[in-house]
Amino acid sequence: ETGVTQSPTHLIKTRGQQVTLRCSSQSGHNTVSWYQQALGQGPQFIFQYYREEENGRGNFPPRFSGLQFPNYSSELNVNALELDDSALYLCASTPGGARDSPLHFGNGTRLTVT
Amino acid sequence: RKEVEQDPGPFNVPEGATVAFNCTYSNSASQSFFWYRQDCRKEPKLLMSVYSSGNEDGRFTAQLNRASQYISLLIRDSKLSDSATYLCVVNEKSNSGYALNFGKGTSLLVTP
């Protein structure tokens, strides 16, 4: 069974640029969610995709957008990067969209915006 | 007001001690509850789900009080390997679907 994988592991961007982060869900999982974790904080929910449709969103501006593909892998896109976007971005997958299924996290992408 | 509140700690306890963490949530429509564990510079991992009747997994006991909107985690006979950050997680139904809200986490350090 393949776990959740994220790429890249580290990324440095400058303010105003755009970034795309990628996530492959655990095999058999069709729900993917994304989180932003700043240093010393808990993960903050960005959004969730179930069968290629967004079915939940946290308090993030529209410049945070996403996609889920037919193979259930997912992308997180952030436009017009700001310094405060520097954080660990975590992707998690769950099977079947069940609301009480445990999250299986990837190792995360550490984004630094300078 | 933050939706999921935890005491950040740190909690420093000796091996063998019993330690309890508390968590409160603001949305009474919250539907499911979890404790996750996060080691330094690692991803969070599920420790246990929390059920209304309370549940136990070895040295760990989780309790939920829906009336008070309060969740707890009790760790008995602490081990050095229990040192980590413990995250309270609440799954809420919103207009846009489900939202998973994490607390900031409670840091635990178990010392010899």
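Values reported hereafter were calculated over all heavy atoms of this structure, with side chains retained and with hydrogens, waters and symmetry mates removed. In the text below, chain A, chain B and the rest are named by the order of the sequence lines, each starting its count at 1.
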Enquirer: Taking L88(A) as the starting point, is it possible to reach V89(B) by hopping between hydrophobic residues whose side chains are less than 4.5 Å apart?
Expert: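 Yes, V89(B) and L88(A) fall within the same hydrophobic cluster.
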Enquirer: Are the side chains of Q37(A) and Q38(B) in contact, using a 4.5 Å heavy-atom criterion?
Expert: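 Side chain of Q38(B) against side chain of Q37(A), heavy atoms only: contact under 4.5 Å found.
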Enquirer: The test is side chain to side chain contact (heavy atoms under 4.5 Å, CB included); show your working for R41(B) and R110(A) and say whether it passes.
Expert: CA-CA 10 Å; R41(B) 302 188 75 81; R110(A) 191 162 296 280; 3.7 Å; yes
Enquirer: Using a 6.0 Å cut-off, check whether atom NZ of K13(A) has over 12 heavy atoms from anything other than its own residue.
Expert: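 Yes, because the 6.0 Å sphere around NZ of K13(A) holds more than 12 heavy atoms from other groups.
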Enquirer: I want to check something: taking the side chain as every heavy atom from C-beta on, are F34(B) and L103(A) in contact at a cut-off of under 4.5 Å?
Expert: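 No, their side chains stay 4.5 Å or more apart.
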Enquirer: Tell me, for F47(A) versus chain B, whether the close heavy atoms (under 4.5 Å) come from the side chain, the backbone, both or neither.
Expert: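 Nothing of F47(A), per the 4.5 Å heavy-atom cut-off to chain B.
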Enquirer: Just wondering, more than 12 heavy atoms not from N59(A) lying within 6.0 Å of its CG?
Expert: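 Result for CG/N59(A): open.
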Enquirer: Is it the side chain or the backbone of L90(A) that comes within 4.5 Å of chain B heavy atoms, both, or neither?
Expert: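 Just its side chain gets close to chain B.
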Enquirer: Hey, is CD1 on I12(A) packed in by over 12 heavy atoms from elsewhere, all under 6.0 Å?
Expert: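 Atom CD1 in I12(A) is not crowded, with 12 or fewer foreign heavy atoms closer than 6.0 Å.
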Enquirer: So does R59(B) have more than 12 non-hydrogen atoms from other groups sitting under 6.0 Å from CZ?
Expert: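 Enclosed.
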Enquirer: Are F64(A) and Y49(A) linked, directly or through other ILVMFWY residues, by side chains that come within less than 4.5 angstrom of each other?
Expert: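 Shared cluster, yes.
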Enquirer: What part of F33(B) gets closer than 4.5 Å to chain A, counting heavy atoms only: side chain, backbone, both or neither?
Expert: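 Contact with chain A is absent: no heavy atom of F33(B) under 4.5 Å.
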Enquirer: Do other residues, nucleotides or ligands put more than 12 heavy atoms under 6.0 Å from the CG atom of L39(A)?
Expert: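 Count not over threshold, so no.
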Enquirer: Tell me, for Q6(B) versus chain A, whether the close heavy atoms (under 4.5 Å) come from the side chain, the backbone, both or neither.
Expert: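 Neither part, no heavy atoms under 4.5 Å.
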Enquirer: Before you tell me yes or no, could you show the steps for L100(B) and Q48(A) under side chain to side chain contact (heavy atoms under 4.5 Å, CB included), namely the whole-Å CA-CA distance, both residues' side-chain angles and the distance that decides it to 0.1 Å?
Expert: CA-CA 9 Å; L100(B) 288 145; Q48(A) 177 173 282; 4.0 Å; yes
Enquirer: Let me confirm one number: the NE2-CD distance from H104(A) to E43(B), rounded to the nearest 0.5 Å.
Expert: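 Here the rounded value is 11.5 Å.
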Enquirer: Is the backbone N or O of F102(B) less than 3.5 Å from a side-chain atom of Y35(A), with the two atoms forming a donor-acceptor pair by type?
Expert: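 Answer holds: no.
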